[in-house]
Amino acid sequence: MALHNPPVPPGPGSDFMDGYLDALSLVERLHRLLLDVIKDEFERIGVLEINAVQALLLFNIGDNEVTAGELKTRGYYQGSNVSYNLKKLVEMGYMHHQRCEIDRRSVRVRLTQKGRDVRDVVARLFERHADGLQGRGVLGADGIDSITAALRRVERYWADQIRYIY
């Protein structure tokens, strides 16, 4: 769903509102573009059975053993989306799963060698991007630190809105 710029009543703060809406739109576009870049990388190497969301999920799990609930709690994924993708990744042999001994409803997952291979492809892709951004002068260490700090502040603000307003 694309964000649109709804009419903003004139007055103080409308320049900020325009900037805020531009930033929201950019975050959304960047996420979609990231998924397209990952998809293109897997098409380039001939791995077509896995989609970009699943590859990113494997990258984010890394060497950890987690439950779907933990991934949702960390804020990486939405509920049904993560459950569906974890099930598919287990079926395709990218992940092992095991029922938790204490809570039989809970399933813990970890990457198989096949899953670690996908994680490594994504890691190498991100390393190339980081080198390219720095090497071409697109973004340096100070710039990435500033962007990350600003996004973390927005993340905290939004999380507080969910916790305290509703």
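Nothing here was measured: the structure is a model prediction, and the numbers come from that model. Values below: all heavy atoms of this structure, side chains included; hydrogens, waters and symmetry mates excluded. The residues of the chain are indexed from 1 along the displayed sequence.
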Heavy-atom side-chain contact between [X] and [Y] under 4.5 Å:
| X | Y | result |
| --- | --- | --- |
| Ile61 | Met95 | yes |
| Ile38 | Val53 | no |
| Leu58 | Val122 | no |
| Val107 | Gln98 | no |
| Arg110 | Val66 | no |
| Leu35 | Leu56 | yes |
| Arg108 | Glu70 | yes |
| Val118 | Leu111 | no |

Worksheet item: Would one find more than 12 heavy atoms of other residues, nucleotides or ligands at under 6.0 Å from atom NE2 of His97?
Response: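 At most 12 heavy atoms, drawn from other residues, nucleotides or ligands, come within 6.0 Å of this atom.
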Fill in: Glu43, CD atom: more than 12 neighbouring heavy atoms under 6.0 Å
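Atom CD in Glu43 is packed in, count exceeds 12.
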Could you state the interatomic distance from [atom1] ([X]) to [atom2] ([Y]), rounded to the nearest 0.5 Å?
| X | Y | atom1 | atom2 | answer |
| --- | --- | --- | --- | --- |
| Glu41 | Leu125 | CD | CG | 5.0 Å |
| Leu133 | Arg128 | CG | CZ | 12.5 Å |
| His96 | Gln113 | NE2 | CD | 9.0 Å |
| Lys39 | Ile50 | NZ | CD1 | 14.0 Å |

Give the cluster check for [X] versus [Y]: same hydrophobic cluster or not, with ILVMFWY residues linked at side-chain heavy-atom distances below 4.5 Å.
| X | Y | result |
| --- | --- | --- |
| Leu21 | Tyr157 | yes |
| Leu30 | Phe126 | no |
| Val47 | Leu34 | yes |
| Leu26 | Leu33 | no |

Worksheet item: Do the charged groups of Arg119 and Asp63 touch, with an N to O distance under 4.0 Å?
Response: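 The answer is yes: the pair qualifies as a salt bridge.
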Fill in: Lys/Arg-Asp/Glu bridge criterion (N-O < 4.0 Å) met for Glu127, Arg124
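Salt bridge flag = no for Arg124 with Glu127.
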Worksheet item: So, Ser25 versus Arg29: side-chain donor-acceptor pair below 3.5 Å or not?
Response: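 Side-chain D/A pair, Ser25 to Arg29: present.
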Worksheet item: Of the non-hydrogen atoms in Phe42 and Ala55, which two are nearest, and what is the gap between them?
Response: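 Closest heavy-atom pair between Phe42 and Ala55: CE1-CB, 3.6 Å.
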Discussion item. When you measure from the side chain of Gln54 to the backbone of Asn51, do you find a donor-acceptor pair of N or O atoms at a distance under 3.5 Å?
Written reply: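 Yes.
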Worksheet item: What is the ring orientation for Phe16 with Tyr20, classed by angle as parallel under 30°, tilted 30 to 60°, or perpendicular over 60°?
Response: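 Phe16 and Tyr20: parallel rings.
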Output a table of donor-acceptor pairs, distance under 3.5 Å, between side-chain atoms of residues 87-94 and any protein atom two or more places apart or on a different chain; print 'none' if there are none.
unit_1: Tyr94; atom_1: OH; unit_2: Glu49; atom_2: OE2; d: 2.5

Tabulate below the donor-acceptor pairs under 3.5 Å that side-chain atoms of residues 137-155 make, not counting sequence neighbours, or state none.
unit_1: Ser146; atom_1: OG; unit_2: Asp142; atom_2: O; d: 3.1
unit_1: Thr148; atom_1: OG1; unit_2: Ile144; atom_2: O; d: 2.8

Discussion item. Checking Leu57 against Leu71 for the side chain to side chain contact (heavy atoms under 4.5 Å, CB included) test, could you report, in this order, the C-alpha distance in whole Å, the side-chain angles of both residues, the deciding distance, and whether it holds?
Written reply: CA-CA 9 Å; Leu57 179 61; Leu71 289 169; 3.7 Å; yes
